[in-house]
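Quick note on labels: first sequence line is chain A, next is B, and so on, each numbered from 1.
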Amino acid sequence: MPEGHTVHRIANAFQSDFAGRPVTVTSPQGRFNSDAALISGLVLKRARAIGKQMFLEFDGGAIVRIHLGIYGKWQFHDSADAEVTGQVRARFTAGKNCADLRGPTICEVITKTEAKTVFNRLGPDPLNANPGNREAQRFISRVQASKSPLGLLLMNQDVIAGIGNVYRAELLFRAQITPHRPGNQCTTEELQAIWDDSVKLLRIGVKTGFMITKEKLFRKNPTKAERNWVYKREGSPCERCGASVQIELMATRKLYWCPGCQK
DNA sequence: GGCTTATGCGCAG
DNA sequence: TGCGCCTAAGCCA
């Protein structure tokens, strides 16, 4: 389930399972063979996530960049020789720790310079916010510089890194702003509130592993159907105002929102 | 068992 | 704007 919170969870797992140790890297499926050979046996210095991408930084400077896309998935095992099933693009092992990667959009070895280019393009990640408000200000100025609808801007990883279709819909519902409002018609206060809310929701996501967006359920164990206000609830009455939740396509992605609450 | 759908995004045109 | 990627879950029969 790859919005930003998932990738941060994986990066945290990599940091504790593999960092500081030599890591064997193979490609049972074969498509990552030549890249794996460049790094296999090197010590992993650090695993970090920025938005939906994970970066594994190895001794010597090589970096593995992984983007799960819509299909990609990780599977962790307790044994280095766990049986390989299906198409495993890359397997990382250190001692008994073993992680299999399937179906990623991107899995490649890049240089520090190439990584820097990626970092520079990405917008601020609410999960990497530093003390102070610099990331929020970067987000706000990027939104206000655009005439595009806010519903599109929240999906743009150059504007804010880590938000996907679920959090996009839920953040806008919680802010009570229509997805069609142009970025340059949003006030600084409104955008600051959306940023702060994204920090809060993504942290809940990292903690629980689920995209729970209703306060009441933060500490519970809600089913998928209960977790959200508008996502995948088209045609149902809005729990806040009773209006029928709408669905439409925005730039080919399904957008859910409440016309009663979101102005 | 088969079909649809998905939390994403790069690319061609 | 539409396609391709290439995997798994959810749903139906």
For this session: Tell me what Tyr231(A) touches on the nucleic acid: a base, only sugar-phosphate, or nothing, going by heavy atoms under 4.0 Å.
Result: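 Sugar-phosphate: the residue Tyr231(A), judged by heavy atoms under 4.0 Å, touches backbone atoms but no base.
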
Short side-chain N/O contact to [N] OP1/OP2 from [X], under 4.0 Å:
X	N	value
Arg253(A)	dC9(B)	no
His67(A)	dC9(B)	yes
Lys52(A)	dG8(B)	yes

Exercise. Side-chain donor-acceptor pair under 3.5 Å between Gln15(A) and Arg46(A), yes or no?
Worked result: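 No, no side-chain donor-acceptor pair sits under 3.5 Å.
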
For this session: Indicate whether any N or O donor in one side chain lies under 3.5 Å from an N or O acceptor in the other, for Arg89(A) and Gln29(A).
Result: yes

Send over the distance from [X] [atom1] to [N] [atom2], rounded to a whole Å.
X	N	atom1	atom2	value
Asn156(A)	dT7(B)	CG	P	17 Å
Leu127(A)	dT7(B)	CG	C1'	15 Å
Gln157(A)	dG8(B)	CD	C1'	8 Å
Ile212(A)	dT7(B)	CD1	P	18 Å
Tyr71(A)	dG8(B)	OH	P	12 Å
Met211(A)	dG8(B)	CE	C1'	12 Å
Lys232(A)	dT4(B)	NZ	C1'	11 Å
Met155(A)	dT7(B)	CE	P	7 Å

Exercise. Given dA6(B), dT7(C), dG10(C), which nucleotide is nearest the side-chain atoms of Lys224(A)?
Worked result: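 Nearest listed nucleotide: dG10(C).
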
For this session: With the side chain of Arg121(A) defined as its heavy atoms from C-beta on, choose the nearest nucleotide among dG10(B), dG8(B), dA6(B).
Result: dG10(B)

Exercise. So how far is it from Leu150(A) CG to Met155(A) CE, rounded to the nearest 0.5 Å?
Worked result: 12.5 Å

Exercise. Distance between the C1' atoms of dA8(C) and dG10(B), in whole angstroms?
Worked result: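 My reading of the C1' atoms in dA8(C) and dG10(B) gives 22 Å.
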
Problem set entry | Pairwise P distance for dC3(C) and dT5(B), with rounding to whole Å | 15 Å

Exercise. Taking all atoms of both residues into account, what is the closest heavy-atom pair of Ala136(A) and Gln192(A), and its distance?
Worked result: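 In this case the closest contact between Ala136(A) and Gln192(A) is CB-NE2, 3.8 Å.
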
Exercise. Should Val64(A) and Val23(A) be regarded as members of a common hydrophobic cluster, given that ILVMFWY residues are connected when their side-chain heavy atoms come within less than 4.5 Å of each other, either directly or indirectly?
Worked result: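 Yes: a chain of side-chain contacts under 4.5 Å links Val64(A) to Val23(A).
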
